[in-house]
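Quick notes on the structure that follows.
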Protein chains: 2
Amino acid sequence: MTHPLDSFFGAMSDPTRRAVIERLASGPASVSELHAPHKMALPTFMRHLKVLEETGIVRSIKKGRVRTCHIEPEPLIAAQGWLAWQKEIWENRLDSMDAVAASLEQFKD
Amino acid sequence: MTHPLDSFFGAMSDPTRRAVIERLASGPASVSELHAPHKMALPTFMRHLKVLEETGIVRSIKKGRVRTCHIEPEPLIAAQGWLAWQKEIWENRLDSMDAVAASLEQFKD
DNA sequence: AATACACTTAGCAATATGGCTAACTAAATT
DNA sequence: AATTTAGTTAGCCATATTGCTAAGTGTATT
């Protein structure tokens with residue numbers, strides 16, 4: 001997984017990790033707070049967090065014994081950009097197909 | 001992987017599969033055409049295609065011995081929607097933090 | 001000083017993923 | 001009818017992923 005999009009999409013393919021992002025979108029939180037809604041063991045959950053950090057979607061600072069996590073929006077924006085790009089190419093093609101179809105209308109009958 | 005976004009993001013986390021999508025965005029293609037730029041063995045490549053089909057991002061029709069593949073945009077749009085949603089929540093929060101900061105300005109000194 | 005809290009590290013097990021080759025089916029082409 | 005082409009099926013192997021438990025580290029709290 002060399003390309004940034006590889007790891008970003010990989011990270012977002014897990015529901016636990018998406019839930020963490022959804023939670024962090026509305027503000028920073030500690031590891032325990034993030035873990036609370038999830039049934040899995042803490043070490044398991046921590047590995048999900050680690051994936052998010054390695055991908056650069058989440059950053060964290062430890063103060064005393066509490067690690068506080070927050071979102072880093074750049075990777076998310078990059079992924080959005082890629083999807084938008086695909087959509088654009090694909091829409092342009094469909095539009096031009098419509099245009100061709102329309103230009104052929106004049107030859108009807 | 002139950003949620004549609006799980007499989008969508010999972011599918012897009014592989015560079016080969018993203019390349020296929022990029023190719024298909026500009027128009028339908030046969031399995032051989034799609035396979036050509038990739039160094040891997042055909043059966044391996046076919047499994048990538050299968051992942052894309054199972055996720056609903058790609059559909060295909062077989063005519064004679066040729067299978068032609070095309071994009072199904074819905075899953076892509078759904079994913080874009082999710083990302084846009086996250087971004088919106090996150091931006092609203094930052095805006096309101098700005099607002100709070102601004103409203104505190106009057107108490108300066 | 002002792003205990004509780006908030007992570008953290010190490011290591012195991014099961015399943016998923018991504019690559020391969022070999023062999024097969026069915027549709028064109030010659 | 002024989003051969004080539006396009007895709008398919010089956011099965012093997014290595015690594016990655018996702019869950020667990022047990023035990024350890026460092027920081028508050030009592």
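Reminder, nothing fancy here: chain letters follow the sequence lines and each chain counts from 1.
A straight line from CG of A:D14 to C1' of C:dA16 spans 13 Å, rounded to a whole angstrom. To the nearest angstrom, P of C:dT17 lies 17 Å from CZ of A:F9. Between B:K39 atom NZ and C:dG19 atom P there is a gap of 13 Å when expressed in whole angstrom units. Per the geometry, NE2 belonging to A:H35 stands 12 Å off P belonging to C:dA6, to the nearest Å. Nucleotide D:dT8 holds its C1' atom 10 Å from the NZ atom of B:K50, rounded to whole Å. The CG-P distance, from A:L52 to D:dT18, rounds to 11 Å in whole Å. Atom CG of A:L42 is separated from atom P of D:dT18 by 17 Å (rounded to the nearest Å). Atoms CZ (A:F45) and C1' (C:dT8) sit 15 Å apart, rounded to a whole Å.
Nearest-nucleotide positions on DNA chain C place A:V66 closer to the 5' end than the other of A:V66 and B:T16.
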Every protein N/O within reach of nucleotides 22-30 of chain C N/O, cut-off under 3.5 Å:
residue : atom : partner : partner atom : Å
C:dA27  : N3   : B:R65   : NH1          : 3.3

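Considering only residues two or more places apart in sequence or on other chains, A:E72 meets the salt bridge (Lys or Arg N to Asp or Glu O under 4.0 Å) condition with A:R59.
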Please report, to 0.1 Å, the donor-acceptor pairs under 3.5 Å made by any side chain of residues 80-95 of chain A, with sequence neighbours excluded.
residue : atom : partner : partner atom : Å
A:W82   : NE1  : B:E22   : OE2          : 2.8
A:R93   : NE   : B:A25   : O            : 2.9

Scan the side chains in residues 37-51 of chain B for donor-acceptor partners under 3.5 Å anywhere in the protein, sequence neighbours excluded, and list what turns up.
residue : atom : partner : partner atom : Å
B:H48   : ND1  : B:R17   : NH1          : 3.1

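Side-chain nitrogen and oxygen atoms of A:H48 include at least one within less than 4.0 Å of the OP1 or OP2 phosphate oxygen of D:dG19.
Nearest nucleotide to the side chain of A:R47, out of C:dT8, C:dG18, D:dC20: D:dC20. Of the candidate nucleotides D:dT8, C:dC20, C:dC7, C:dC20 has the atom lying nearest to any side-chain atom of B:T44. Comparing D:dC20, D:dT18, C:dG19 against the side chain of A:A41 picks out D:dC20 as the nearest.
Pairs of residues two or more places apart, or lying in two chains, never qualify as ring pair (Phe, Tyr, Trp, His ring centres under 6.0 Å) while including a residue from residues 57-79 of chain B.
The shortest side-chain heavy-atom distance between A:D6 and B:D14 does not fall under the 4.5 Å cut-off. Contact annotation: the side chain of A:M12 approaches that of A:I21 to within less than 4.5 Å [non-hydrogen atoms, C-beta and beyond]. At least one side-chain heavy atom of A:E33 sits under 4.5 Å from a side-chain heavy atom of A:S30.
Atom CZ of B:R23 and atom CG of B:L34 lie 6.0 Å apart (nearest 0.5 Å).
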Item to complete: Let me see the working for A:R67 and A:I61 under side-chain contact (heavy atoms from CB on, under 4.5 Å), right down to the final yes or no.
Response: CA-CA 6 Å; A:R67 176 175 298 280; A:I61 311 151; over 6 Å; no
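The end-to-end axis angle of the helix from C:dA1-D:dT30 to C:dT30-D:dA1, rounded to 10 degrees and based on five pairs per end, is 20°.
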